[in-house]
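In what follows, a single structure is set out as structure tokens and then discussed.
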Amino acid sequence: MATHDDIALDEEFAQSSLRGSLLKRLFAYTRPYRRALYTNLALTLLATASALVGPRLIQHSIDHALSPVLAAGGASTALSESAAAHEILILSGLYLANLLLGWWLTVIQVRTSIETGQGAMNDLRLAVFEHIQRLSLNYFDRTHQGRIIARADSDVDSLDRVLTWGAGQALSSLVTLVGVVVLMVQYDLRLSLAVCSVLPLLAWITHWFHRRGREAYRSLRGTQSRLIAAMAENISGVRVIQAFVREAENLRRFQSLQTDFTERWVVSARVFHTYMPAVGLLSGLATAIVLGYGGWRVQQGGMTVGGLAAFVLYLGMFFGPIQTMGDLYNAVLSAAASAERIFALLDTEPQVKDSAAATDLPSVRGDVSFEGVSFRYDTTPADRWILEDIHFSVPAGSTIALVGQTGSGKTSIISLLARFYEPQAGRICVDGLPIIDHTLSSLHRQLGMVTQENFLFTGTVMENLKFGRPESTDEEVVIAAKALGTHSVIEGLPAGYATEVRERGGNFSAGERQLITITRAMVAAPRILIFDEATSAVDPQTERLIQEALRTLFQRRTSLVIAHRLSTVRGADLILVLDHGRIVERGSHESLIAQGGIYARMHAQFIRG
């Protein structure tokens, strides 16, 4: 479900106003494509000028070719008719040539618009993806997965209209409006003033649309984000949903969100589709004023028939850009709400990052030490520690097993060693060097990790095995698999190493996934291995293969193991027993059994099954 922080963030966006700085930052992504953008804007100016010429040619045809012939009536001569026909033919050719020019300019304009807009969207989506990968785990602890996906998917998609067509449409509409006003005043000042009678009403309607539209679209985008989050959560937890027969209840909750989204969508659509017909109505009212008053002006000799025809055409061109800008503003509202969320993500600083003075960690032997480490998560109450005053040392090449009840702090220890989080107190050293003084990438290159989930990526098995060391050759991967004893299992897959991995490795058994991830760690050849043992049960033969592979994997490297199997614990050089964030017992398997403490009770319980 959505977290409190997520909802508060949506409310903050819903109450903020549209800022020019937001659009400036958004359009900064078009800078790499400024040549195409400037070409687009230049073509827009030329295409707009071409469109403004059209009514002029029509007016000239009526006043200088048709009207004299019609006025002459029966007294017209064949010569005058021939001259008029010739002039009309020339003007028609010019009009057609102008149309073809406008078409050619528009074709190139569309191409440059797409190049600019799609390039900027591609760069923005890559920036979001890159930033998500750099964020610390505390961000993912407090932010719903579906909302993060929405930032890189639907929120970026909603910028298409603005980034691709926005600049050209805005410039075209503005130039058209200015040009049309100048030309209408030039044709007839009085008629232009008569048209101005509808402008106060247009200004009021536009102000209403801007205010209501901004509120409606920010509300809509926030609801859409919650809807995507709910969908992502249900897909991820579908097995649990079906196991607990929660389909009907989850459907009810989703219907509630969908109903809320639909209601907000209807509100935003009602605002937009009230504004556009209102502009059309005012356009019709202005046209009626022009035809009535303009017709009277023609009768009085105040203007020509061609001038009135051109004025009516220009009037249509006056309200067209207003409708276009209203539609564009509608898209800007939607895009701005999405851009706010995207930039809020991009502005989120990783909690764990390299300091300005950080250096690369040299090649390490693998000595690991925790010195007075205390830690709590962002969501942990201030009066509680997840880990408190943790001290231990692991000599290079040895294996240490972390055991304890769920929530005792085992996963937190390995997360701190991998610098997924930073401790609030104490320090962690590798080979006596504080890891906080060195770059994350240089630490992670010497760390290997096998997670409890045994996560596999879409692709082939071979691609997954090379994940930690992409430069590995196929031969090196096979050698590592043979050393672990997993080669026969991988070869036994439908296409061997070339077998395609479905989402999360769903086409493999739990044992096969464990063996593949163990092999992946072996291929990476880390100096320090973090192993979070899977709790899923496997058949005895696969269990033997896993244990043999682990014994090989643990050799000659420092291994920190969250152990769930008794056989793994027995083979450790040192066992740390954690309880409520403290190390309460430490020693070998035999010494801890002899103590008769927590570990001995856990062992007895394990033996009983």
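Residue indices begin at 1 and follow the sequence shown.
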Worksheet, complete the sentence: Leu346 and Arg25 have their tightest heavy-atom pair at CB-NH2, 4.2 Å
Discussion item. Minimum heavy-atom separation for Ala418 and Ile530, please, with both atom names.
Written reply: CB-CD1, 4.1 Å
Worksheet item: Donor-acceptor pair, Asp360 side chain versus Ser442 backbone, under 3.5 Å?
Response: no
Worksheet item: Tell me, which pairs form a ring pair (Phe, Tyr, Trp, His ring centres under 6.0 Å) where one or both residues lie in residues 479-505, sequence neighbours left out?
Response: His487-Tyr497
Worksheet item: Is the backbone N or O of Leu345 less than 3.5 Å from a side-chain atom of His131, with the two atoms forming a donor-acceptor pair by type?
Response: yes
Worksheet entry | Test salt bridge (charged side-chain N to carboxylate O under 4.0 Å, His left out) applied to Arg134 - qualifying residues, sequence neighbours left out | none
Worksheet item: Would you say the side chain of Ile528 lies within less than 4.5 Å of the side chain of Leu417, judging by non-hydrogen atoms?
Response: yes
Donor-acceptor pairs under 3.5 Å, side chain of residues 398-409 to any protein atom, not counting sequence neighbours: which ones?
unit_1	atom_1	unit_2	atom_2	d
Ser398	OG	Pro395	O	2.6
Ser408	OG	Gln405	O	2.8

Discussion item. I'd like to know if the side chain of Ser374 and the backbone of Asp389 have a donor-acceptor N/O pair within less than 3.5 Å.
Written reply: yes
Fill in: Distance-only donor-acceptor check, side chains Tyr421 and Ser412, under 3.5 Å
no
Worksheet item: Do any N or O atoms from the side chain of Arg427 and from the backbone of Glu371 form a donor-acceptor pair under 3.5 angstrom?
Response: no
Worksheet entry | Val373 vs Ile413 side-chain heavy atoms within contact, under 4.5 Å | no
Worksheet item: Is a salt bridge present between Asp532 and Lys410, judged by a nitrogen-to-oxygen distance below 4.0 Å?
Response: no
Fill in: Leu443 side chain reached by His438 side chain, heavy atoms, under 4.5 Å
no
Worksheet item: How far apart are the C-alpha atoms of Asn138 and Tyr377, what are their side-chain angles, what is the distance that settles it, and do they pass the side chain to side chain contact (heavy atoms under 4.5 Å, CB included) test?
Response: CA-CA 7 Å; Asn138 69 315; Tyr377 295 100; over 6 Å; no
Discussion item. Rounded to the nearest 0.5 Å, what separates atom CZ in Phe467 from atom OG1 in Thr517?
Written reply: 13.0 Å
Item to complete: Check Leu484 against Ala549 and note the closest heavy-atom contact, atom names and distance.
Response: CD2-O, 3.2 Å
Practice prompt. Answer yes or no: is there a donor N or O on one side and an acceptor on the other, between the side chain of Thr348 and the main chain of Ala344, under 3.5 Å?
Written response: yes
Worksheet entry | Gap between atom CG of Leu251 and atom CZ of Phe254 - 0.5 Å precision | 8.5 Å
Practice prompt. Apply side chain to side chain contact (heavy atoms under 4.5 Å, CB included) to the pair Ile390 and Phe375, showing each step before the final yes or no.
Written response: CA-CA 9 Å; Ile390 299 296; Phe375 169 73; over 6 Å; no
Practice prompt. Mind listing the closest non-hydrogen atom pair of Thr552 and Ala483 along with its distance?
Written response: CG2-O, 3.5 Å
Practice prompt. In plain terms, say whether Arg527 and Asp431 are close enough for a salt bridge, that is, a side-chain N and a carboxylate O under 4.0 Å apart.
Written response: no
Item to complete: Find out whether Thr439 and Leu361 are in side-chain contact, i.e. whether some heavy atom of one side chain is under 4.5 Å from a heavy atom of the other.
Response: no
Worksheet item: With Ser509, which residues qualify under side-chain contact (heavy atoms from CB on, under 4.5 Å), at least two apart?
Response: Glu512
Worksheet item: Going through the checks in order, is the salt bridge (charged side-chain N to carboxylate O under 4.0 Å, His left out) test met by Glu548 and Arg544?
Response: CA-CA 6 Å; Glu548 290 172 4; Arg544 283 194 298 273; 5.8 Å; no
Item to complete: Would you check if the side chain of Glu585 reaches a backbone N or O of Tyr599 as a donor-acceptor pair within less than 3.5 Å?
Response: yes
Worksheet entry | Distance in Å, Ile546 CD1 paired with Glu543 CD, rounded so as to fall on 0.5 Å steps | 5.5 Å
Worksheet item: What's the verdict on side chain to side chain contact (heavy atoms under 4.5 Å, CB included) for Glu476 and Glu471, showing C-alpha distance, side-chain angles and the deciding distance?
Response: CA-CA 10 Å; Glu476 289 174 330; Glu471 69 276 11; over 6 Å; no
Practice prompt. Rounded to the nearest 0.5 Å, what's the gap from NE2 on His580 to CG on Leu578? Could you check?
Written response: 11.5 Å
Fill in: Pairs where residues 338-371 contributes a residue and the test ring pair (Phe, Tyr, Trp, His ring centres under 6.0 Å) is met, not counting sequence neighbours
Phe370-Phe392
Name every donor-acceptor pair, under 3.5 Å, that has one atom in a side chain of residues 349-357 and the other anywhere in the protein, sequence neighbours excluded.
unit_1	atom_1	unit_2	atom_2	d
Glu349	OE1	Lys353	NZ	3.1
Gln351	NE2	Asp378	OD1	3.3
Asp354	OD1	Leu440	N	2.8
Ser355	OG	Ala358	N	3.3

Item to complete: Please examine the side chains of Leu159 and Ile342, heavy atoms only from C-beta on, and report whether any two atoms are closer than 4.5 Å.
Response: yes
Response to the item:
Note: Pro526 and Leu529 closest approach over all heavy atoms is CG-CD1, 4.5 Å
Item to complete: Please test Arg582 against Trp385 for side chain to side chain contact (heavy atoms under 4.5 Å, CB included), starting from the C-alpha separation and ending with a verdict.
Response: CA-CA 9 Å; Arg582 287 180 170 273; Trp385 290 104; over 6 Å; no
Response to the item:
CD (Gln555) and CE (Met522) are apart, to the nearest 0.5 Å, by 8.0 Å
Discussion item. In the structure I gave you, are the side-chain heavy atoms of Thr558 and Asp367 within less than 4.5 Å of one another anywhere?
Written reply: no
Worksheet item: Taking atom CG of Asn464 and atom CD of Glu500, what is their separation to the nearest 0.5 Å?
Response: 10.0 Å
Worksheet item: Does any non-hydrogen side-chain atom of Tyr139 lie less than 4.5 Å from one of Ile132?
Response: no
Worksheet item: Do Ile518 and Thr486 come within less than 4.5 Å of each other through their side chains, counting heavy atoms only?
Response: no
Discussion item. Taking CZ in Phe455 as the centre, count heavy atoms belonging to other residues, nucleotides or ligands within less than 6.0 Å. Is the count above 12?
Written reply: yes
Worksheet item: Would you say Arg384's side chain and Thr380's backbone share a donor-acceptor pair under 3.5 angstrom?
Response: no
Fill in: Whether Thr460 side chain and Ala498 backbone form a donor-acceptor pair below 3.5 Å
no
Discussion item. Checking the side chain of Arg520 only, and the main-chain atoms of Gly468 only, is there a donor and an acceptor separated by less than 3.5 Å?
Written reply: no
Worksheet item: Would you call Arg125 and Asp157 a salt bridge, using N to O less than 4.0 angstrom?
Response: yes
Worksheet item: For Met602, does the CE atom have more than 12 heavy-atom neighbours from other residues, nucleotides or ligands under 6.0 Å away?
Response: yes
Worksheet, complete the sentence: Closest non-hydrogen contact found for Ile583 with His391 is CD1-O, 3.7 Å
